[in-house]
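Sequence positions, counted from 1, serve as the residue numbers for this chain. Counting convention: from 1, in listed order, for ligands and their atoms alike.
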Amino acid sequence: MAKMNPFEMFLKQVDEAMPYLNVEQEYIDILKEPKEVLEVAIPLKLDDGTVQIVKGWRAHHNNALGPYKGGVRYHPNVSREEVTALSAWMSIKCATAMLPYGGGKGGVRVSPHDLTKNELERLSRAYAMSIIRFTGTDIDVPAPDVYTDPQIMSWFIDTYEKIKGRNEPSCYTGKPVGLGGSLGRGDATSRGGMYVLREALREIGLLGKPLTAAIQGFGNVGSNAHKLFGEIGITVVAASDSKGGTYNPKGLDYAALIAHKKSGGTVADYPEGERITTDEILESQVDILIPAALEGVLTEANAGKVKAKTILELANGPTTPAAEQILHDNGAMVIPDVLANSGGVTVSCFEWIQGRSGDYWSEKTVHDKLDERLSMAFHEIWEIRKQHKIRMRQAAYVRAISRIVLAMRFRGIWP
Ligand code: GLU
């Protein structure tokens with residue numbers, strides 16, 4: 001069977017929420033297309049003087065609730081369809097977390113690890129410049145995503161502000177704390193996932209029981225999940241990155257694994273664990289499976305082999321609709337991306353508010369507000385799920401789409 005592209009996944013997810021939605025078809029038709037997608041070709045001068053053309057995109061899906069919001073991804077497989085799907089998921093995610101935003105996303109088709117720091121800076125500045133007509137505090141606010149980080153946000157905002165000739169601290173989020181970033185943004189996606197998971201475990205009567213987890217993907221989100229999830233009694237027994245994974249039934253020590261990676265090791269060759277493949281990690285004998293890398297990893301080909309009964313989607317779009325149905329039929333619960341990983345954009349919103357007001361919050365304030373918001377979102381979605389006897393993702397989409405459509409109705413269809 002042909003692989004479903006991520007935008008087709010989004011369309012299917014909307015269709016699956018439709019029977020429980022009380023909205024006019026024309027609004028659904030609007031949500032099934034991005035509003036606009038900017039495609040750019042960036043000539044990147046490499047350090048050796050040669051020029052490489054790098055493709056990039058910025059997609060605006062919907063802005064009924066507020067400015068477009070979403071990260072910028074650097075990855076060799078980025079495509080227009082992927083960025084568009086990710087922007088649509090951001091619309092749903094921002095509405096799920098009750099943020100005053102629509103959905104946007106950017107992507108640059110590049111392998112950032114192959115570039116020198118100077119090349120990366122030139123590319124980042126060129127990208128920020130080429131999408132400048134699409135961005136701004138009240139227009140579209142980009143942030144980090146796969147393989148982009150606070151340093152890249154610094155180059156983005158510096159380019160933006162120098163071209164505009166003014167300071168505008170909230171035109172990008174995910175900045176370093178020393179450049180107007182928010183405390184608590186670095187691990188916000190994983191922390192938000194922890195709060196959501198804690199509430200889910202509370203509901204199903206497992207909170208406080210000894211539970212194990214496997215984390216697929218060991219970038220910012222996966223590694224911070226490893227660091228934090230012990231706080232809710234979870235032992236991480238398996239972890240992997242794109243090169244392979246490691247398994248230790250007694251648990252993987254976070255500090256030791258990070259130290260091993262810092263000294264040039266990979267997750268797969270961590271000496272305190274048994275080497276496993278990137279496929280095997282998904283089939284680990286654990287209570288909780290945490291996909292924390294890219295979309296489309298749980299498919300109809302492997303979903304039947306998943307043993308975990310709870311799937312926490314810290315990545316965007318890791319589970320195809322067919323895989324989700326199989327997991328559901330096997331009694332597993334998928335806590336969907338639009339809720340599970342919404343902590344990142346929620347703290348981005350906190351950063352945006354702080355930048356606009358000039359009033360910067362303590363880390364504790366950020367954590368408390370994040371916990372309050374995501375716990376509330378979780379329980380509202382949980383209620384919808386119970387009321388209609390549907391899956392968590394359907395319930396999240398029902399709540400989010402109702403909210404977006406309410407705003408669109410007030411606005412009316414114009415022009
Ligand atoms: N890239 C993150 C996401 O997919 C964060 C986006 C943001 O902070 O705007 O949710």
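- With P34 as the partner, the side chain to side chain contact (heavy atoms under 4.5 Å, CB included) test is satisfied by one option alone out of T84, V83, N62: T84.
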N/O donor-acceptor pairs under 3.5 Å from side chains in residues 231-240, not counting sequence neighbours:
none

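- When each of V146, L120, D149 is tested with P112 by the rule side chain to side chain contact (heavy atoms under 4.5 Å, CB included), just one qualifies, namely L120.
- Residues F10 and H61 place their aromatic rings such that the two centres sit under 6.0 Å apart.
- Residues passing the ring-ring contact (aromatic ring centres under 6.0 Å, His included) test with F350, sequence neighbours excluded: W361.
- Residues satisfying the side-chain contact (heavy atoms from CB on, under 4.5 Å) criterion with K162, sequence neighbours excluded, are D158.
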Are any protein N/O atoms closer than 3.5 Å to the N/O atoms of ligand 1? If there are, list each pair with names and the distance to one decimal place.
residue: ligand 1; atom: 1 (N); partner: P144; partner atom: O; Å: 2.9
residue: ligand 1; atom: 1 (N); partner: D145; partner atom: OD1; Å: 2.7
residue: ligand 1; atom: 4 (O); partner: K93; partner atom: NZ; Å: 3.0
residue: ligand 1; atom: 4 (O); partner: K105; partner atom: NZ; Å: 3.0
residue: ligand 1; atom: 4 (O); partner: D145; partner atom: OD1; Å: 3.4
residue: ligand 1; atom: 4 (O); partner: N316; partner atom: ND2; Å: 3.0
residue: ligand 1; atom: 8 (O); partner: R185; partner atom: NH2; Å: 3.0
residue: ligand 1; atom: 8 (O); partner: S348; partner atom: OG; Å: 2.6
residue: ligand 1; atom: 9 (O); partner: K69; partner atom: NZ; Å: 2.8
residue: ligand 1; atom: 10 (O); partner: K93; partner atom: NZ; Å: 2.6

